[in-house]
Amino acid sequence: MAVKNYLYAETLQQALDSISDEEICSQLISGGAGVADQIRNGYLDCDQLVDITRIPEMKVAQVVTQNGESYLKLGSALTLNQAARLEQMETLFPLLYDVLTQSSDPARRNAFTLGGVLATKIPAGMLFPALCALDSKLVLARKDSTSVIFVEDWMKSVLQEEAFIITAVLVPIRPVPVWRMKDVKRRMHPGEIVAGVLVLAEALRDGGLDNIRVYATLDQYGLVTFEGIPSLHKQSLTKEKIDDYTTSVETHLMRWGTDADAAYRRKVVRTLVNRCLAELFLPVLKEPL
């Protein structure tokens with residue numbers, strides 16, 4: 001099916017009305033990276049492309065308050081580079097800044113939009129783990145309603161049947177957490193990850209860490225989260241405890257299968273988690289690991 005029409009939507013409602021019309025097969029376009037891939041591979045199949053880059057609220061970057069909590073609201077039509085270059089990004093969200101600037105090569109960062117990578121759930125470096133770890137939310141607009149969903153819940157959700165547009169990403173403004181991030185990248189594709197791990201926690205006054213969360217992303221398994229991690233304090237932490245936890249991580253990943261490929265990925269994730277935890281706790285351990 002050849003594309004017959006290219007529509008520049010001037011308002012969000014115009015875009016929603018267009019993609020909700022069951023008589024016309026429409027597809028959104030913003031940065032154009034996804035559409036370019038479809039054209040190159042011969043998969044573009046719609047009557048109409050709806051360009052949302054002229055909708056003002058899709059390019060917003062501002063602090064907002066919802067239910068008593070402050071958020072940085074990022075319009076979904078912002079490219080990864082535009083989001084990274086925001087004045088407040090490096091100071092308020094150093095983790096997200098690092099992730100955005102390392103997510104891919106410069107050309108892709110100029111083409112990939114926040115909404116585009118989130119709508120398609122195509123990994124862009126460690127972006128998904130970082131957004132989940134920071135308790136970020138998505139604003140989803142439909143023709144007659146708007147809803148807000150955590151990025152982590154969105155990543156686990158099934159295909160949306162009703163037409164929607166991701167209009168913004170909400171990142172809570174909180175004290176900067178402590179974190180460690182490790183990944184293994186493909187040599188010939190900058191930013192593309194074979195496996196990556198992010199460990200994020202809140203620092204305690206006694207030097208320990210609380211609210212420890214571990215996120216992993218893999219090329220063919222997507223986002224993986226690990227829950228139920230106990231608080232760790234310098235008085236009781238040992239190398240054995242870290243090893244025990246990372247062994248449980250590897251066991252958790254047995255659902256990937258028993259072949260050599262799955263075993264390799266389990267080993268990589270286990271090693272990355274171990275190294276992240278060890279580096280986080282090295283300053284408070286009495287003896288080196």
Side-chain angles (χ1 to χ4, degrees), residues 71 93-96 98-100 102-103 114 117-138 140 147-160 166 169-172 174-185 191-203 209-232 241-257 261-281:
Y71 296 86
F93 307 101
L95 166 60
L96 191 53
D98 285 350
V99 166
L100 287 167
Q102 299 172 25
S103 61
L114 290 170
V117 296
L118 284 161
T120 56
K121 301 182 182 179
I122 297 176
M126 292 292 286
L127 179 60
F128 294 161
L131 289 175
C132 292
L134 295 172
D135 292 329
S136 303
K137 303 176 182 178
L138 301 183
L140 299 178
S147 59
V148 178
I149 181 173
F150 281 102
V151 172
E152 186 168 346
D153 293 334
W154 168 256
M155 295 304 298
K156 299 174 182 177
S157 66
V158 297
L159 182 66
Q160 304 285 305
I166 297 175
V169 180
L170 302 174
V171 188
R174 298 172 179 170
V176 177
V178 293
W179 81 86
R180 285 295 184 276
M181 188 166 53
K182 302 284 185 184
D183 59 47
V184 178
K185 292 187 173 70
E192 289 193 10
I193 288 177
V194 175
V197 164
L198 168 66
V199 178
L200 180 139
E202 297 172 8
L209 299 178
D210 196 9
N211 194 20
I212 303 166
R213 286 169 286 173
V214 178
Y215 297 84
T217 184
L218 289 98
D219 50 6
Q220 67 186 73
Y221 296 103
L223 181 74
V224 184
T225 61
F226 306 99
E227 301 174 355
I229 308 171
S231 299
L232 299 176
K241 284 194 174 182
I242 291 180
D243 287 342
D244 286 345
Y245 175 69
T246 51
T247 298
S248 70
V249 165
E250 190 170 4
T251 302
H252 175 79
L253 302 178
M254 285 302 295
R255 61 187 175 84
W256 290 349
D261 186 60
Y264 167 74
R265 281 164 169 74
R266 279 196 296 273
K267 182 177 181 180
V268 171
V269 171
R270 181 189 188 283
T271 301
L272 295 179
V273 171
N274 192 289
R275 289 179 180 176
C276 285
L277 286 172
E279 287 188 12
L280 277 175
F281 283 103

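Numbering starts at 1 and runs along the sequence shown. The structure displayed is predicted, hence computed values, not measured ones. FYI, side chains are in, hydrogens and waters are out, and symmetry mates aren't considered; it's all heavy atoms of this structure.
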**OP:** Using a 4.5 Å cut-off on heavy atoms from C-beta on, say whether the side chain of T225 contacts that of M155.
**Re:** no

**OP:** Taking the side chain as every heavy atom from C-beta outward, state whether L140 and I166 have any atom pair closer than 4.5 Å.
**Re:** yes

Nearest 0.5 Å, please: how far is [atom2] in [Y] from [atom1] in [X]?
X    : Y    : atom1 : atom2 : value
E279 : W179 : CD    : CH2   : 13.0 Å
D261 : R266 : CG    : CZ    : 10.0 Å
L134 : L198 : CG    : CG    : 8.0 Å
L277 : L272 : CG    : CG    : 11.0 Å
K182 : N274 : NZ    : CG    : 11.0 Å
L170 : F150 : CG    : CZ    : 10.0 Å

Original post:
Is it true that E152 and K156 have a side-chain N and a carboxylate O under 4.0 angstrom from each other?
Top reply: yes

Could you go through residues 118-131 and list every donor-acceptor pair under 3.5 Å that involves a side-chain atom there, pairing it with any protein atom two or more places apart or in another chain?
unit_1	atom_1	unit_2	atom_2	d
T120	OG1	G116	O	2.8
K121	NZ	W154	O	2.9
K121	NZ	S157	O	2.9
K121	NZ	S157	OG	3.4

**OP:** Identify the heavy atoms of V169 and S136 that sit nearest to each other, and give their distance.
**Re:** CG1-CB, 4.4 Å

Original post:
Of all heavy-atom pairs between F93 and P172, which one has the smallest distance, and what is that distance?
Top reply: CE2-O, 3.2 Å

